[in-house]
Amino acid sequence: MHLSEQEIIRRDNLDKIRDLGIDPYPAELFEVTTHARTIKENFTEGDPVMQDVVLAGRLMMNRVMGKASFGELQDTTGRIQIYVSRDEICPGEDKTLYNDVYKKLLDIGDYIGVRGFVFLTKTGELTVHVKELRLLSKSLRPLPVVKTRKNEATGEDEVYDAFTDPEQRYRQRYVDLIVNPQVRQIFLKRSRIITTMRAFFDAQGWLEVETPILQPVHGGAAARPFKTHHNTLDMPLYLRIANELYLKRLIVGGYDGVYEFGKMFRNEGMDRTHNPEFTSMEIYVAYKDYHWMMEMVETCLEQVAVAVNGNTVVQVGDKAINFAGPYRRISMYEAIEEYTGIDISEMDEAQLREVCKQLHIPVEASMGKGKLIDEIFGEKVEDHLIQPTYITDYPIEMTPLAKKHRSKDGLVERFELFVNGKEIANAYTELNDPIDQRARFEEQLQLAARGDEEAMALDEDFLRALEFGMPPTSGLGIGIDRLTMLMTDQHSIQEVLFFPQMRPEKQG
RNA sequence: GAUUCCGUAGCUCAGCCGGUAGAGCACUUGACUUUUAAUCAAGGGGCCCUGGGUUCGAAUCCCAGCGGAAUCACCA
């Protein structure tokens with residue numbers, strides 16, 4: 001094992017600490033009474049609570065000035081300065097704890113616990129005056145030290161030696177999280193998005209459920225799956241590309257509302273908006289339709305935006321996006337007509353091909369009517385949908401799991417929510433007519449026979465469930481990663497996943 | 001998968017009209033009891049991504065590979 005000079009020094013320090021009879025990895029708990037941010041938010045001069053505080057965290061900076069030192073302690077809430085003086089932590093004759101342990105044997109990144117009182121230095125910095133100090137865990141690798149200084153002219157923090165290499169940041173996310181506080185913020189927001197949605201659904205009495213990830217038939221969406229094998233049953237299994245058909249089985253079973261946050265797996269390309277595993281939230285509510293669902297989504301996303309950013313307006317790049325409802329609603333055909341000037345509502349497959357040619361949109365022979373419309377929409381309309389917009393009433397060919405439109409022939413009751421030019425949610429009035437559902441699956445089989453690799457597989461057990469009867473139901477799916485990208489103003493999915501998929505690291 | 005760019009100290013980067021390496025921070029030693037990118041003095045640290053080629057000589061030029069990023073194509 002090759003060790004750098006700095007790693008050797010740290011291991012050497014570890015040995016010296018042990019030689020002094022100090023356990024560098026103590027087993028017992030260390031009870032903290034407060035956190036850095038709590039102190040900064042609540043400090044008032046003379047407050048008795050601030051006279052005795054216990055904090056723990058990483059030592060992230062240390063300025064030794066002879067018999068006294070200033071360090072910075074970083075806990076889960078942020079950083080606070082600590083003041084350590086020799087004669088305070090070593091009241092007797094033995095000055096080892098300060099002279100040797102604190103000044104020489106502690107390293108940046110070590111976990112320490114301190115007890116002391118809070119005061120303001122003469123430069124006005126809130127500081128913990130340390131009376132007791134102990135080592136909680138030794139760090140053996142040097143952290144990249146990121147320094148910031150306030151620019152006097154602009155008043156903004158300038159960052160020096162930032163830890164920025166994306167490869168290292170994603171592969172060693174733990175380091176990224178330690179030294180880049182803005183990264184930790186993104187994931188706090190991600191968590192808040194999920195907890196806000198969960199609380200909203202729970203308040204309505206809907207049930208959070210878990211459904212199979214390993215599925216014998218990969219239904220519910222159009223995508224290439226990951227395939228695996230179960231040894232005992234000696235059968236192929238697929239990692240789910242969607243959980244829709246299982247959640248509907250639970251509606252058949254009698255629950256009024258079910259939802260699941262979960263990973264989906266799709267064996268397709270990777271780029272800044274696609275990761276092989278991603279998180280979706282799917283919800284199904286009985287006795288509702290897609291109009292109701294649009295209102296529900298507006299209420300939910302408005303709450304999420306406020307919970308995450310304190311405002312319904314979210315700044316995404318140079319655009320201010322307002323999540324306060326109601327959102328614009330426009331049908332797919334109207335949207336295409338608005339942005340191309342062409343009314344395709346009465347066209348057949350051959351006419352649509354002609355339109356694609358006219359608009360210079362490349363198409364393939366395997367594409368059916370639904371796919372062609374989807375291509376035109378993706379090419380000509382999507383990018384214009386910046387503020388939250390519902391696109392409604394999709395052609396039946398694209399959507400084998402949605403109910404036929406109550407009044408418009410050839411369409412289904414479906415909407416997708418577009419924000420900043422990207423789809424983030426998809427919802428239907430769910431198809432609950434088992435005869436129609438079987439016919440739709442059979443149309444998909446015909447598309448598959450034409451060479452459409454994304455055509456949906458037929459699931460006999462799901463059809464059996466529908467034949468027992470599913471109440472009228474509306475269902476919704478939201479891409480949590482993309483929603484998080486929007487809410488945190490990130491333009492890469494890797495920035496909102498703790499551990500994005502990477503090639504295996506070469507050992508060297 | 002295609003195109004372009006990148007890979008030098010723990011971190012951020014310079015060196016690339018070929019002569020075996022530099023800066024700042026970090027690290028080591030010393031000074032300093034209210035500092036804050038602390039300061040001052042001295043010092044150590046590098047298979048310059050890997051392999052091959054050209055050359056007396058390659059971090060530097062050429063080829064291939066590996067890894068990464070951006071853009072495009074497919075998909076959520």
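Every value quoted in this text rests on a predicted model; they were computed, and no experiment measured them.
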Expected list for residues 70-90 of chain A near RNA chain B, using heavy atoms below 4.0 Å, is A:Phe70, A:Gln81, A:Tyr83, A:Asp87
Which pairs with one or both residues in residues 269-278 of chain A pass salt bridge (Lys or Arg N to Asp or Glu O under 4.0 Å), sequence neighbours excluded? A:Lys263-A:Glu277
Scan for salt bridge (Lys or Arg N to Asp or Glu O under 4.0 Å) pairs involving residues 483-499 of chain A, sequence neighbours excluded, and state none if there are none. A:Arg169-A:Glu495
Under 3.5 Å between N/O atoms: give me all the protein pairs with nucleotides 70-72 of chain B, atom names plus distance.
unit_1, atom_1, unit_2, atom_2, d
B:U71, OP2, A:Arg272, NH1, 3.4

From the list A:Tyr390, A:Phe377, A:Tyr327, ring pair (Phe, Tyr, Trp, His ring centres under 6.0 Å) with A:Phe418 holds only for A:Phe377
Between [N] ([atom2]) and [X] ([atom1]): distance, integer Å:
X        : N     : atom1 : atom2 : value
A:Glu375 : B:C74 : CD    : C1'   : 10 Å
A:Ile8   : B:A9  : CD1   : C1'   : 14 Å
A:Phe163 : B:U12 : CZ    : C1'   : 11 Å
A:Gln168 : B:C49 : CD    : P     : 14 Å
A:Leu59  : B:U35 : CG    : C1'   : 14 Å
A:Ile361 : B:C74 : CD1   : P     : 11 Å
A:Gln172 : B:G67 : CD    : P     : 17 Å
A:Arg171 : B:C11 : CZ    : P     : 14 Å

Closest-nucleotide ordering on RNA chain B, the 5'-leading residue of A:Ala162 and A:Asn275: A:Ala162
Please write out the pairs of protein N or O atoms and N or O atoms of nucleotides 3-7 of chain B separated by less than 3.5 Å, giving the distance to one decimal.
none

Under the rule of Watson-Crick or G-U wobble with both distances under 3.5 Å, where | means paired to another strand and [ ] a crossing pair, RNA chain B maps to (((((((..((((.....[..)))).(((((.......))))).....(((((..]....))))))))))))....
Taking ring-ring contact (aromatic ring centres under 6.0 Å, His included) as the test, write out the residues that go with A:Phe441, two or more places apart. none
Separation between the P atoms of B:U3 and B:G15, rounded to whole Å: 28 Å
Whole-angstrom distance between B:C25 and B:U60, as gauged at atom P: 29 Å
Per the ring pair (Phe, Tyr, Trp, His ring centres under 6.0 Å) rule, what does the pair list look like for residues 57-83 of chain A, sequence neighbours excluded? A:Phe70-A:Tyr83, A:Tyr83-A:His129
Going by the rule side chain to side chain donor-acceptor pair (under 3.5 Å), which residues pair with A:Tyr98 if we only count those two or more places apart in sequence or in a different chain? A:Ser69
For A:Thr392, which residues count as a side chain to side chain donor-acceptor pair (under 3.5 Å) partner, sequence neighbours excluded? none
Base, sugar-phosphate or nothing for A:Phe265? Non-hydrogen atoms, less than 4.0 Å. nothing
Walk along nucleotides 22-28 of chain B from 5' to 3' and tag each nucleotide B, S or - by protein heavy-atom contact under 4.0 Å, base first, then sugar-phosphate. --BBBSS
Return the set of residues passing salt bridge (Lys or Arg N to Asp or Glu O under 4.0 Å) with A:Glu210 (not counting sequence neighbours), or none when no residue passes. none
